[in-house]
Amino acid sequence: MEIFLTSYIFILSLCLGSFLNVCIYRIPKGESIINPPSRCGNCKTRLKALDLIPVFSFLFLKGKCRYCKEKISLRYPFIELITGVLITAVYIEYGLNITFIKYSVLILFLIVIGMIDFDTTDVYFKTTLSGIITGIAFLLYIYFSGQSITAYILGAVLGGGVISLIILITRGMGWGDAEICVLCGLFLGFRLTLVMLFAAFVFGGIIGILLIIFKIKSRKDYIPFGPFLALGAVTAIFIGERVIQLYLLLL
């Protein structure tokens, strides 16, 4: 029974990843994520059900549009696969409960926000606002379940406050990064937000240095920080508590 449930969650997550691809492609263009139905970005032909099977359609069609033979970016099956893997991993780690739903929703938002930021260097307020509203909805559920929400509020204040301070002092980041941190704080709470920030700066620093070393970017080029915040949040979800325990042990 367990393996069937895990497989079902993985397949459902692949389908969600397919929808995330639509969001990532359309939101920066100001298009609806619902209408029109999925179509080829090159020939605009409406895609049929067989063209939309996550990952497998890409493999079956050999990475090309069935109608115009235009190459399909490898990123489409990658987003589908990474969505499936991450959400299934959350299920394996936490089980089928409210924590699984909470972290899965956060991951869905972060994939969209992080990839759009990577593509455009912009964080769209309507995406972060939707995430923040969803985070507040989870807090209301937690509150009316008789649990404290103080840690989550402090997480949002910590995340948004740290990035806002950096923006005001250095102007090296955008306000969209602060919005992402508020969003993550509402889902992660104070302790895991600390881990998220630490991991994001570590990942950002290492990758930034490598990009400069290999002359992919120069020191003056802007590198979007949203993907690193997303990566930091995912790190916090899976190993955040272990990192905190290890730190306290070393102290």
Side-chain angles (χ1 to χ4, degrees), residues 6-92 101 103-124 126-128 130-131 134 176 180 183-184 203 207 211 216-217 223-235 237-238:
T6 303
S7 300
Y8 175 76
I9 289 172
F10 179 68
I11 293 170
L12 178 61
S13 300
L14 289 178
C15 296
L16 289 172
S18 182
F19 175 67
L20 297 189
N21 276 321
V22 174
C23 296
I24 293 165
Y25 178 79
R26 293 188 181 184
I27 288 174
K29 295 178 177 292
E31 298 176 355
S32 169
I33 60 175
I34 301 175
N35 286 308
S38 295
R39 56 189 176 178
C40 172
N42 182 58
C43 66
K44 309 302 180 185
T45 302
R46 180 173 175 176
L47 302 180
K48 298 178 181 179
L50 287 175
D51 304 319
L52 298 172
I53 302 173
V55 180
F56 295 102
S57 288
F58 179 88
L59 296 174
F60 179 75
L61 295 171
K62 298 180 180 179
K64 296 181 181 179
C65 171
R66 182 192 300 273
Y67 309 100
C68 67
K69 306 306 178 184
E70 178 76 7
K71 286 186 177 180
I72 301 171
S73 172
L74 272 170
R75 199 174 73 177
Y76 288 101
F78 172 77
I79 293 296
E80 293 165 351
L81 192 59
I82 198 67
T83 304
V85 169
L86 287 176
I87 292 182
T88 304
V90 172
Y91 165 69
I92 293 171
I101 297 173
Y103 287 154
S104 295
V105 169
L106 175 59
I107 285 172
L108 294 178
F109 274 110
L110 289 176
I111 290 174
V112 172
I113 294 169
M115 290 307 302
I116 290 177
D117 192 20
F118 178 81
D119 288 338
T120 67
T121 69
D122 283 326
V123 175
Y124 286 76
K126 58 186 173 183
T127 59
T128 52
S130 298
T134 305
I180 295 173
L183 161 61
C184 291
F203 289 134
I207 294 176
L211 289 174
I216 299 173
K217 295 280 187 179
I223 300 174
F225 197 60
F228 300 120
L229 289 171
L231 188 57
V234 170
T235 301
I237 288 172
F238 288 109

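Residue indices begin at 1 and follow the sequence shown.
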Task: Evaluation steps, side chain to side chain contact (heavy atoms under 4.5 Å, CB included), between I116 and C23 - done: CA-CA 9 Å; I116 290 177; C23 296; 5.9 Å; no

- [ ] Provide the closest heavy-atom pair for I79 versus I82 in the form atom of the first, atom of the second, distance.
- [x] O-CG2, 3.3 Å

Open item on the list: Can a donor-acceptor pair be found, under 3.5 Å and without considering hydrogens, that links the side chain of D51 to the backbone of K48?
Closed with: yes

- [ ] May I ask you to test the T128-I180 pair for a side-chain heavy-atom distance under 4.5 Å?
- [x] yes

Open item on the list: Less than 4.5 Å apart, side chain to side chain, heavy atoms only: is that true for I33 and Y25?
Closed with: no

Task: Shortest non-hydrogen contact from V85 toward F10 - done: N-CE1, 3.9 Å

Open item on the list: The test is side chain to side chain contact (heavy atoms under 4.5 Å, CB included); show your working for L20 and M115 and say whether it passes.
Closed with: CA-CA 10 Å; L20 297 189; M115 290 307 302; over 6 Å; no

- [ ] Taking atom NZ of K44 as the centre, report whether more than 12 heavy atoms of other residues, nucleotides or ligands fall under 6.0 Å from it.
- [x] yes

Open item on the list: For I34, is the CD1 atom crowded, meaning more than 12 foreign heavy atoms sit under 6.0 Å from it?
Closed with: no

TODO: State, with a plain yes or no, whether a side-chain heavy atom of T127 is found less than 4.5 Å away from one of F109.
DONE: no

TODO: Could you go through the side chain to side chain contact (heavy atoms under 4.5 Å, CB included) check for L229 and I113 one step at a time?
DONE: CA-CA 10 Å; L229 289 171; I113 294 169; over 6 Å; no

TODO: Measure from the side-chain N and O atoms of D117 to the backbone N and O of P224, and report whether any donor-acceptor pair falls under 3.5 Å.
DONE: no

Task: Check: N42 side chain, E70 main-chain N or O, donor-acceptor pair, under 3.5 Å - done: no

Open item on the list: Ignoring hydrogens, what is the shortest heavy-atom contact between L14 and L81? Give both atom names and the distance.
Closed with: CD2-CA, 3.9 Å

- [ ] Determine the minimum heavy-atom distance between S38 and L52, stating which atoms define it.
- [x] CB-CD2, 3.9 Å

Task: Minimum-distance pair of heavy atoms, taken over all atoms of Y103 and I237 - done: CD1-CG2, 3.9 Å

Open item on the list: Less than 4.5 Å apart, side chain to side chain, heavy atoms only: is that true for C68 and T45?
Closed with: no

Open item on the list: Y8: which residues meet the side chain to side chain contact (heavy atoms under 4.5 Å, CB included) condition with it, sequence neighbours left out?
Closed with: L12

TODO: Specify the closest pair of heavy atoms between P28 and Y124, including all atoms of both residues, with the distance to one decimal.
DONE: CA-OH, 3.5 Å

Task: Side-chain heavy-atom pair F19, L108 within 4.5 angstrom cut-off - done: no

Task: Side-chain heavy atoms of L50 within contact of F60, under 4.5 Å - done: no

